[in-house]
Amino acid sequence: MKITCDFCKTEYSLDRAPAAPVRCAVCGHTWTVAAPSRKNTFLVFVAALCALLSAVIFAVVVVTRHQAAARAQQPLVAQVTDIRTVVDAAGVGHLVVSGIVRNLSDEIWGVPDLIVVSRDANDNVVARQKFMPSATLLDAGGVAQFSHTLSAPAAGVKKITLELKDMTE
């Protein structure tokens, strides 16, 4: 801690605040040194808590804006809800893919053609088949269901995925 003589401005360095008045070695002036102010630990805790709260609020705002921007770029999402096998009159198995298209935006969107992608065990594309869903427009937050029977036999297909035509071209 540094103290300064009030009269001659001589500076001294001390390890701690003196308990009694001090006398200047240069001019002989005597004065009382005020104890250094201590930081209130409660105030430090409150300040740290406020900083943490601010960081959390900032993170929430950033994540929310990022999700809104992602929705604006891809307002429609297609999802498979069920896959079943049906056998036609000739005894050939076909896959029936059912699912939904969901509008994540706050606006009406046109529903593009859907592409059912069949993949083998190594995730290689076996077949791609495009079809039009029954709904052509989706209201804000709306959901449209679909069901489509694939024309090609189901042999070798291990995975089915969906793509929206406008998002793949």
Side-chain angles (χ1 to χ4, degrees), residues 1-83 97-126 128 133 135-146 157-169:
M1 138 178 220
K2 287 190 177 185
I3 62 170
T4 304
C5 174
D6 296 334
F7 186 72
C8 69
K9 305 299 180 206
T10 302
E11 291 184 1
Y12 298 94
S13 290
L14 304 175
D15 292 337
R16 55 188 157 87
V22 292
R23 183 174 186 179
C24 179
V26 175
C27 69
H29 177 71
T30 304
W31 77 98
T32 303
V33 177
S37 63
R38 293 182 138 178
K39 293 181 182 175
N40 189 339
T41 56
F42 178 73
L43 292 177
V44 171
F45 172 75
V46 170
L49 193 60
C50 288
L52 178 63
L53 182 62
S54 297
V56 168
I57 290 172
F58 176 76
V60 167
V61 168
V62 167
V63 168
T64 303
R65 285 190 180 173
H66 176 71
Q67 289 174 343
R71 284 187 192 133
Q73 292 173 354
Q74 296 181 350
L76 301 179
V77 175
Q79 176 181 358
V80 175
T81 57
D82 185 41
I83 301 172
V97 179
S98 300
I100 60 170
V101 177
R102 185 181 312 270
N103 183 353
L104 301 177
S105 74
D106 296 332
E107 300 175 7
I108 295 174
W109 278 87
V111 180
D113 292 341
L114 294 173
I115 302 169
V116 177
V117 181
S118 302
R119 299 176 183 273
D120 64 11
N122 296 323
D123 211 28
N124 297 318
V125 175
V126 174
R128 296 171 66 87
T136 55
L137 291 175
L138 269 180
D139 287 331
V143 175
Q145 296 183 351
F146 66 86
V157 175
K158 299 294 182 192
K159 183 178 178 183
I160 299 286
T161 58
L162 279 175
E163 297 174 359
L164 297 168
K165 179 180 175 245
D166 292 344
M167 294 185 177
T168 59
E169 295 182 350

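The structure presented is a predicted model; accordingly, all values stated were derived computationally and were not measured.
Put simply, OG on S118 and NZ on K159 are 12.0 Å apart, with the number rounded to the nearest 0.5 Å. In this structure, the separation between NZ on K165 and CG on L114 is 11.5 Å, given to the nearest 0.5 Å. In this structure, the separation between CG on D82 and CD1 on I100 is 12.5 Å, given to the nearest 0.5 Å. Atoms CG and CE, on D15 and M1 in that order, are 11.0 Å from each other to the nearest 0.5 Å. In this structure, CG in L76 is found 11.5 Å from CZ in R102, a value given to the nearest 0.5 Å. With rounding to the nearest 0.5 angstrom, the CH2 atom of W31 is 7.5 Å from the OG1 atom of T4.
Checked against salt bridge (charged side-chain N to carboxylate O under 4.0 Å, His left out), K158 has no partners two or more places apart in sequence or in another chain. Residues forming a side chain to side chain contact (heavy atoms under 4.5 Å, CB included) with D106 (at least two apart in sequence, or on another chain): none. For S98, the side chain to side chain donor-acceptor pair (under 3.5 Å) test picks out S147, with sequence neighbours left out.
Residues V26 and Y12 have side chains in contact (heavy-atom distance under 4.5 Å, counting atoms from C-beta outward). Looking only at side-chain heavy atoms (C-beta outward), D139 and I108 come within less than 4.5 Å of each other. Residues L162 and V117 have side chains not in contact (no heavy-atom distance under 4.5 Å, counting atoms from C-beta outward).
Here the closest non-hydrogen pair linking P21 and T30 is CB-CG2, 4.0 Å. Across all non-hydrogen atoms, the minimal contact from A78 to L164 is CB-CD2, 3.9 Å. Taking both residues in full, the closest heavy atoms of V126 and D120 are given as CG2-N, 3.5 Å, listed atom of the first, atom of the second, then distance. When all heavy atoms are compared, the tightest approach of H29 to D6 is NE2-CB, 4.0 Å. Minimum heavy-atom separation, C8 to C24: SG-SG, 3.6 Å. Heavy-atom minimum distance, V22 versus P18: CG1-CG, 3.6 Å.
Taking the six-membered ring where tryptophan is involved, the planes of F45 and F42 are tilted, since the angle between them lies from 30° to 60°.
Not a single donor-acceptor pair under 3.5 Å links the side chain of N122 to the backbone N or O of N124.
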